[in-house]
Amino acid sequence: MAQLPLCELTKDQRFEGFLLVRSSDQRTGGNGAKYLDMNLADRTGEVNAKVWDGNVPPPAPGSVVKVRGGTLEYNGRLQLRVERIRDAVPEDNVDLSSLAPCAPESPESMLEEMLTTVDSFTSEPLRRLTRHLLERFDEKLRYYPAAQRIHHAERSGLLHHTTGMLRLAKKVVEQYPWLNADLLYAGVMLHDLCKTEEMDSDQMGVVRDYSREGLLLGHLVLGVTRIQEAANELGISGEVVLLLQHMMLSHHGEAEFGSPRKPMFPEAEALHWIDLLDARMNEMQTAIGKLKPGVFSEKIWSLDRRLYCIRQDEESAED
């Protein structure tokens with residue numbers, strides 16, 4: 001029998017199947033009893049799961065487990081109460097592509113699109129700097145997600161986010177042709193590159209935790225550092241290096257979101273809004289993809305609102 005996708009799970013339902021471990025911790029309840037708290041996922045969604053047995057060791061994040069249990073609702077959210085759990089074995093022949101969300105395009109095609117854009121730059125310093133850094137992080141770029149949970153949290157999600165932004169940036173340049181296109185495109189392709197150092201991801205695109213460098217410095221500061229290193233290695237100096245570094249520091253827009261500087265020139269401002277738009281659209285697409293038409297989501301905490309899934313038939317009728 002086919003395994004039920006997590007996006008179709010409802011309250012008071014039985015479930016048995018293979019799921020990917022996103023996180024797993026042994027915790028202690030108010031009564032002093034230990035229990036296992038996990039977030040389990042397939043490519044359609046994620047569910048919090050509890051094992052009320054303190055003797056069960058937490059499975060490793062990124063591993064695949066077979067679970068059996070039932071669903072319930074706790075604090076307005078669906079939860080899976082696991083009765084039996086075991087590690088998957090090779091004989092199970094688990095289709096991993098059914099468990100891990102993946103970018104809709106191959107990493108090879110997305111990388112090729114980015115490098116083709118770099119090769120079109122008229123600015124030699126920007127072309128050399130951008131290509132050098134993309135080649136430096138080539139291997140990790142092929143599978144790294146853009147975030148642990150919020151947006152583009154999928155295998156090759158960082159490339160998905162970056163190529164989506166690059167396509168948006170090209171439309172922005174069509175509208176505002178006076179912008180420095182090379183500078184904007186370089187900023188887009190480099191702005192989150194050091195998330196490959198900020199987070200610790202496995203080949204499935206599952207982030208186990210943040211790295212020491214990620215927690216102490218973050219990808220903005222790491223990005224500034226890597227740009228300077230690349231410039232030193234390539235013998236590039238001048239304002240172009242400083243402009244790229246400012247774009248790294250300012251692309252979150254506000255201090256409350258991690259930027260020590262607000263964008264101070266148009267290309268930096270455009271980068272900030274392109275980044276925000278692509279991230280928001282992905283969050284909304286993911287959330288609405290789990291809803292039936294005419295239904296509101298639970299509150300999306302990163303967006304601070306609920307979302308509504310439009311009834312397509314009614315929309316067509318109104319037209």
Side-chain angles (χ1 to χ4, degrees), residues 105 107-142 144 146 156 158-198 217-253 258-279:
E105 301 173 59
E108 292 77 17
S109 66
M110 291 186 285
L111 272 170
E112 182 180 359
E113 180 177 344
M114 289 166 58
L115 290 172
T116 298
T117 300
V118 173
D119 290 340
S120 72
F121 286 2
T122 58
S123 166
E124 182 182 355
L126 281 173
R127 182 172 65 251
R128 292 174 63 206
L129 269 171
T130 307
R131 177 171 274 278
H132 179 87
L133 286 165
L134 289 178
E135 290 176 349
R136 173 174 176 172
F137 293 96
D138 176 274
E139 183 180 351
K140 284 186 173 182
L141 270 175
R142 294 174 185 271
Y144 249 72
S156 306
L158 183 53
L159 280 176
H160 184 194
H161 177 44
T162 306
T163 52
M165 286 180 60
L166 184 58
R167 293 164 190 170
L168 272 174
K170 291 178 179 180
K171 296 297 182 182
V172 169
V173 169
E174 286 181 16
Q175 180 65 30
Y176 306 106
W178 49 269
L179 289 172
N180 183 327
D182 289 356
L183 182 60
L184 177 57
Y185 301 160
V188 164
M189 286 185 272
L190 301 181
H191 82 290
D192 274 350
L193 198 59
C194 285
K195 284 190 172 183
T196 57
E197 296 184 282
E198 181 180 55
L217 300 176
H219 70 279
L220 278 69
V221 174
L222 288 168
V224 169
T225 303
R226 300 299 172 244
I227 288 170
Q228 189 62 59
E229 288 174 353
N232 293 342
E233 290 175 25
L234 297 171
I236 295 172
S237 59
E239 188 175 67
V240 67
V241 178
L242 184 62
L243 294 177
L244 271 181
Q245 290 176 316
H246 174 76
M247 293 172 83
M248 295 306 102
L249 287 179
S250 65
H251 76 263
H252 285 182
S259 280
R261 290 289 184 272
K262 290 184 178 182
M264 298 177 72
F265 51 86
E267 291 78 7
E269 180 76 2
L271 172 63
H272 163 59
W273 289 110
I274 290 168
D275 182 26
L276 185 63
L277 178 59
D278 190 69

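Side-chain contact between Glu113 and Arg167 is present, with at least one heavy-atom pair separated by less than 4.5 Å. In this structure, the side chains of Val241 and Leu129 come closer than 4.5 Å at one or more pairs of heavy atoms. At least one side-chain heavy atom of Met189 sits less than 4.5 Å from a side-chain heavy atom of Thr117. Within the 4.5 Å cutoff, the side chain of Leu193 has heavy atoms near those of the Leu141 side chain. For the pair His219 and Met248, the minimum side-chain heavy-atom distance is 4.5 Å or more. Using a 4.5 Å heavy-atom cutoff, the side chains of Trp273 and Val172 are not in contact. Leu183 places a side-chain heavy atom less than 4.5 Å from the side chain of Leu244. Pro266 has its side chain within reach of Trp178: a pair of non-hydrogen atoms, C-beta onward, lies under 4.5 Å apart.
A donor-acceptor pair is defined here as one N or O able to donate and one able to accept, closer than 3.5 Å; such a pair exists between the side chain of Gln245 and the backbone of Val224. In terms of modelled atom types and a separation under 3.5 Å, the side chain of Arg127 and the main chain of Phe121 share a donor-acceptor contact. Side-chain atoms of Arg128 come within 3.5 Å of backbone atoms of Leu234 as a donor-acceptor pair (strictly under, hydrogens ignored). Judged by distance alone, the side chain of His246 and the main-chain N or O of Met264 form a donor-acceptor pair under 3.5 Å.
Considering CG of Leu276 and CE of Met165, their distance stands at 10.0 Å, rounded to 0.5 Å. The structure places CG of Leu158 at 9.5 Å from CE of Met110, a figure rounded to the nearest 0.5 Å. Rounding to the nearest 0.5 angstrom, the gap separating the OG1 atom in Thr122 from the CG atom in Asp182 is 4.0 Å. From Leu190, atom CG reaches atom CG of Leu271 across 10.0 Å, with rounding to the nearest 0.5 Å. The CZ atom of Arg131 sits 10.0 Å away from the CG atom of Asp138 when rounded to the nearest 0.5 Å. Separating the OG atom in Ser123 from the CG atom in Asn180 is a distance of 7.5 Å, to the nearest 0.5 Å.
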*asked:* Quick one, Val188 with Met247, criterion side-chain contact (heavy atoms from CB on, under 4.5 Å). Give me CA distance, side-chain angles, the key distance, then yes/no.
replied: CA-CA 9 Å; Val188 164; Met247 293 172 83; over 6 Å; no

*Could you walk me through whether Tyr185 and Thr130 pass side-chain contact (heavy atoms from CB on, under 4.5 Å), step by step?*
CA-CA 9 Å; Tyr185 301 160; Thr130 307; over 6 Å; no

*asked:* Before you tell me yes or no, could you show the steps for Glu108 and Arg142 under salt bridge (charged side-chain N to carboxylate O under 4.0 Å, His left out), namely the whole-Å CA-CA distance, both residues' side-chain angles and the distance that decides it to 0.1 Å?
replied: CA-CA 7 Å; Glu108 292 77 17; Arg142 294 174 185 271; 3.7 Å; yes

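Between His191 and His251, the angle of the ring planes goes over 60°, which puts this pair in the perpendicular group of the 30/60° scheme.
When all heavy atoms are compared, the tightest approach of Ala270 to Leu184 is CB-CD1, 4.1 Å. Residues Pro263 and Gly253 approach most closely at CD-O, 3.9 Å, considering heavy atoms. Pro125 approaches Ile236 most closely through the heavy-atom pair O-CD1, 3.7 Å.
Asp192 and Thr162 are not linked by any side-chain donor-acceptor pair at a separation below 3.5 angstrom, with hydrogens and angles left out of the test. The closest side-chain donor-acceptor pair between Asp275 and His161 falls under 3.5 angstrom.
No more than 12 heavy atoms of other residues, nucleotides or ligands sit less than 6.0 Å from atom CD of Glu112. For Lys170, the NZ atom is densely surrounded, since the number of other residues' heavy atoms within 6.0 Å is greater than 12. More than 12 heavy atoms of other residues, nucleotides or ligands lie within 6.0 Å of CZ in Phe265, so this atom counts as buried by the packing criterion.
Between Glu198 and Lys195 there is no salt bridge, since no side-chain nitrogen of the basic residue lies less than 4.0 Å from a carboxylate oxygen of the acidic one.
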